[in-house]
Amino acid sequence: MNKSHALGWLASLIIWVCSPTLYAANLKATKIASGYHIPWGITFVDSAYAVINEKNGHISLLDVTKGKKTPLYTLSNVNDAGQGGLMDVALSPVSRQMLYFTFSKEVDNGTTVVLASAKLSNKTLSDWQELFVADASSTTGRHFGSRITFDQQNRLYFSIGDRGERDNGQNPANHAAAILRLNLDGSVPNDNPFLLDDTVRNEIWSYGHRNPQGLFFDSQAAQLWSVEHGPRGGDEINLIQPGKNYGWAKTSHGKEYWGPMRVGEAETLPNIEAPKLVYVPSIAPSSLLLYRGERYPSLNGKLLIGALKLTHINVVSIKNGQLAETDRLFTHLNERIRAISVSPDDFLYFTTDNGNVYRIEP
C-alpha cells in the first residue's frame with residue numbers, strides 16, 4: 001500500500017469510527033422557554049403543549065411553539081426542602097386528560113412520597129386526588145426517586161429512593177429503595193410478584209435501589225429500565241425484572257463520601273441483579289428515556305440520560321444485551337439536565353436546573 005492509499009484508508013477509518021459522534025455533535029439545543037424554578041418533570045399532552053412541574057409546587061402548561069407559559073395549579077402541601085418537592089409528571093396511557101404526579105409531603109415522622117392524579121381540560125387542572133401515599137418517610141430530605149412510567153398493560157411504575165437511610169435498601173417491609181407497580185387508580189395489580197409474601201409490601205416490583213431518578217418502559221422490547229445514583233462513583237443502569245433484588249447497600253460499585261472505603265460487601269453477589277452499566281466517576285443521573293423514532297437516526301434505540309454532575313445528556317447504545325456509552329451531548333451548556341421527554345411529533349425536549357426548556361434540533 002503506497003503512502004497516499006494508506007492516508008486515504010486512515011481518513012476513511014477515522015470518519016467511520018467518529019461518524020456517530022460527529023452526527024451527535026451537529027445536534028442543536030434550542031432554548032424555547034426559561035424562568036422556571038428547577039423544572040423537574042415534563043410530559044406532552046399533544047405536539048404543541050407540555051405540562052411542566054417545578055420543584056416548588058407550580059404546575060404550568062407550556063406552548064412549545066410560542067414559548068408561552070400558562071399557570072395551571074400550585075400544590076399547597078408540597079415539602080420542597082432538600083431533594084424533595086413536586087417531582088415527576090406523566091400523561092395517562094388511556095386518557096389525554098389524566099395526568100399523574102409524584103411529590104413529597106410532610107407526615108408525622110418526616111416526609112414521604114405521594115402519587116397523585118388530576119384532570120386537564122381547557123387549560124385548567126382539576127380533580128386533584130392523592131392515589132397512593134408511600135410508607136417511605138424519613139427526616140433526611142434525600143433520595144425521593146421519583147419517576148413515572150407505564151407498561152403495555154397500562155400498569156403504572158414509579159420509583160422511590162432509600163430516603164437517605166441505607167438500611168431501607170434491603171428492607172422491603174416498607175416502600176423505600178424500591179420500584180412500585182400499581183394500577184392506574186393506585187390499587188395493587190393482582191400479578192405483582194410479592195402478593196404471597198407477608199414480609200414484602202404488595203406494591204413492590206423490585207427493591208435494593210439507592211435513588212432511581214430515571215425510569216422508562218420500552219414498549220417495543222417490553223423492557224423496564226432504570227438509572228440510579230450511586231454514592232461516590234457507581235451510578236447504575238439496571239434492567240428491571242419483577243421480584244428481583246438490585247443490591248443496595250449490600251452491593252455497590254461506589255465509595256464512601258468520607259474516604260476511600262468501598263460501600264457494601266462487594267460489587268456483585270449471588271442472587272443480586274448486577275447493573276448493565278456502571279459509571280465511575282458518577283454522572284449524577286436525573287432522568288431516562290429510550291428513544292424510538294426517525295427524527296434523530298443516530299439516537300434511535302439508545303438510552304438518553306440526563307446528567308446533573310457532569311451537565312450533559314449521556315447516550316448509551318444497547319447491542320446484544322450489552323450497554324456502552326457512545327456520546328455526551330450539550331456539555332457546552334454547562335447546565336444540569338433534569339428531565340428529558342419526546343413529543344408526539346418526535347421532537348426531543350429537555351429541562352435544566354437553570355430553569356430552561358430546550359428542544360433538540362436535528
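Using modelled atom types and a 3.5 Å distance limit, the side chains of Asn77 and Glu130 yield a donor-acceptor pair. No hydrogens or angles considered: a donor-acceptor pair under 3.5 Å links the side chains of Asn356 and Glu335. Side-chain atoms of Arg232 and Tyr257 form no donor-acceptor pair, as typed in the model, at a separation below 3.5 Å. Between the side chains of Thr124 and Asn122, no donor N or O sits under 3.5 Å from an acceptor N or O. Side-chain N/O atoms of Trp248 and Asp162 include a donor and acceptor closer than 3.5 Å. Asn183 and Arg155 form a side-chain donor-acceptor contact under 3.5 Å, judged by distance and modelled atom types alone. A side-chain donor-acceptor contact under 3.5 Å links Asn109 and Ser137. Judged by distance alone, the side chains of Asn314 and Tyr279 do bring a donor and an acceptor atom under 3.5 Å apart. Of the N and O atoms on the side chains of Glu165 and Ser138, at least one donor lies less than 3.5 Å from an acceptor on the other residue.
In this structure the side chain of Tyr157 never reaches within 4.5 angstrom of the side chain of Ile240, judged on heavy atoms. Taking 4.5 Å as the limit, some side-chain heavy atom of Leu184 sits within range of a side-chain heavy atom of Phe150. Proximity of Lys255 to Met261: side-chain heavy atoms (C-beta onward) are nowhere separated by under 4.5 Å. Counting heavy atoms from C-beta outward, Asn211 and Arg142 have side chains that stay 4.5 Å or more apart. With a 4.5 Å cut-off on side-chain heavy atoms, Asn202 and Asn192 do not count as touching. Within the 4.5 Å cutoff, side-chain heavy atoms of Leu91 are placed close to those of Arg96. Between Gln322 and Lys276 there is no side-chain heavy-atom pair separated by less than 4.5 Å. With a 4.5 Å cut-off on side-chain heavy atoms, Ile318 and Lys302 do not count as touching.
Of the possible donor and acceptor atoms, none in the side chain of Asn53 sits under 3.5 Å from a partner among the backbone N and O of Ile59. Proximity of a side-chain donor or acceptor of Ser159 to a complementary backbone N or O of Pro212 within less than 3.5 Å is detected. In this structure, the side chain of Ser206 does not engage the main chain of Gly243 through any donor-acceptor pair within 3.5 Å. Without hydrogens or angle criteria, Asn171 side chain to Ala173 main chain gives a donor-acceptor distance under 3.5 Å. No donor-acceptor pair closer than 3.5 Å links the side chain of Lys105 to the backbone N or O of Val114. Ser226 places no side-chain N or O within donor-acceptor distance of the main-chain N or O of Leu215, the cut-off being under 3.5 Å. Between the side chain of Thr139 and the backbone N or O of Gly110, no donor-acceptor pair lies under 3.5 Å. A donor-acceptor pair under 3.5 Å links the side-chain atoms of Asp346 to the main chain of Arg295, judged by distance alone. Listed for the Glu203 side chain is no donor-acceptor partner under 3.5 Å among the backbone atoms of Leu180. Judged purely by atom type and a 3.5 angstrom limit, His229 uses its side chain to pair as donor or acceptor with the backbone of Pro285.
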For Arg336 and Asp353: C-alpha separation, side-chain torsions, deciding distance, then whether salt bridge (charged side-chain N to carboxylate O under 4.0 Å, His left out) applies. CA-CA 5 Å; Arg336 289 159 57 92; Asp353 280 6; 2.9 Å; yes
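A salt bridge links Asp191 with Arg181: the closest approach of a Lys/Arg side-chain nitrogen to an acidic carboxylate oxygen falls below 4.0 angstrom. A salt bridge does not link Glu265 with Arg262: every distance from a Lys NZ or Arg NE/NH1/NH2 to an Asp or Glu carboxylate oxygen is 4.0 Å or more.
Leu224 contributes atom CG, which lies 10.0 Å from atom CG of Asp218 (distance to the nearest 0.5 angstrom). Remark: Met87 CE to Arg338 CZ distance equals 10.5 Å, nearest 0.5 Å. Distance OG1/Thr111 to CG/Asn79: 5.5 Å, rounded to 0.5 Å. With rounding to the nearest 0.5 angstrom, the OG atom of Ser341 is 11.5 Å from the CG atom of Leu304. How far CD1 of Ile313 is from OG of Ser287: 7.5 Å, rounded to the nearest 0.5 Å. Between Lys123 atom NZ and Leu72 atom CG the span is 9.5 Å, to the nearest 0.5 Å.
The hydrophobic clustering, which links ILVMFWY residues whose side-chain heavy atoms are closer than 4.5 Å, places Leu120 and Leu156 apart. Placement of Leu323 and Leu239 within a single hydrophobic cluster is found when ILVMFWY residues are connected by side-chain heavy-atom separations under 4.5 Å, directly or transitively. Follow the hydrophobic side-chain contacts under 4.5 Å out from Val113 and you reach Val200 in the same cluster. In this structure, Ile42 is not a member of the same hydrophobic cluster as Leu86, with clusters built from ILVMFWY side-chain heavy atoms closer than 4.5 Å. Residue Ile340 is grouped with residue Leu277 when hydrophobic side chains (ILVMFWY) are merged at heavy-atom distances under 4.5 angstrom, including chains of intermediate members.
Note that Lys69 lies in the cation-pi zone of Tyr36, set by a 6.0 Å cut-off to the ring centre and a 45° limit from the axis. Judged by the 6.0 Å distance and 45° axis criteria, Arg163 is positioned over the aromatic ring of Phe144. Seen from the ring of Phe216, Arg147 does not count as a face-on cation partner, given the 6.0 Å and 45° thresholds.
Taking each heavy atom of Val78 and Leu75 in turn, the nearest pair found is CG1-O, 3.6 Å. Between Ser146 and Trp40 the shortest heavy-atom distance is N-CH2, 3.4 Å. Asn174 approaches Ile204 most closely through the heavy-atom pair O-CD1, 3.4 Å. Residue Ile283 comes nearest to Arg328 through the heavy atom pair CG2-NH2, 3.7 Å, listed as atom of the first residue, atom of the second, then distance. When every heavy atom of Leu290 is checked against every heavy atom of Trp225, the shortest pair comes out as CD1-NE1, 3.8 Å. Between Pro39 and Gly355, the shortest heavy-atom contact is CD-CA, 3.8 Å.
Counting heavy-atom neighbours within 6.0 Å of Gln152 CD, excluding the residue itself, gives a total above 12. Heavy-atom neighbours of Asn271 CG from other residues, nucleotides or ligands within 6.0 Å: at or below the threshold of 12. Environment of CG in Asp167: sparse, with no more than 12 heavy atoms of neighbouring residues, nucleotides or ligands closer than 6.0 Å. Heavy-atom contacts from other residues, nucleotides or ligands closer than 6.0 Å to CD of Glu106 number 12 or fewer.
No option in Tyr207, Phe132, Phe194, Phe158 other than Phe132 meets the ring-ring contact (aromatic ring centres under 6.0 Å, His included) test with His175. Screening Tyr49, Tyr291, Phe44 against Tyr349 for a ring-ring contact (aromatic ring centres under 6.0 Å, His included) leaves a single residue, Phe44.
Between His209 and Tyr246, the ring centre distance stays below 6.0 Å. Separation of the Trp128 and Phe101 ring centroids falls under the 6.0 Å cut-off.
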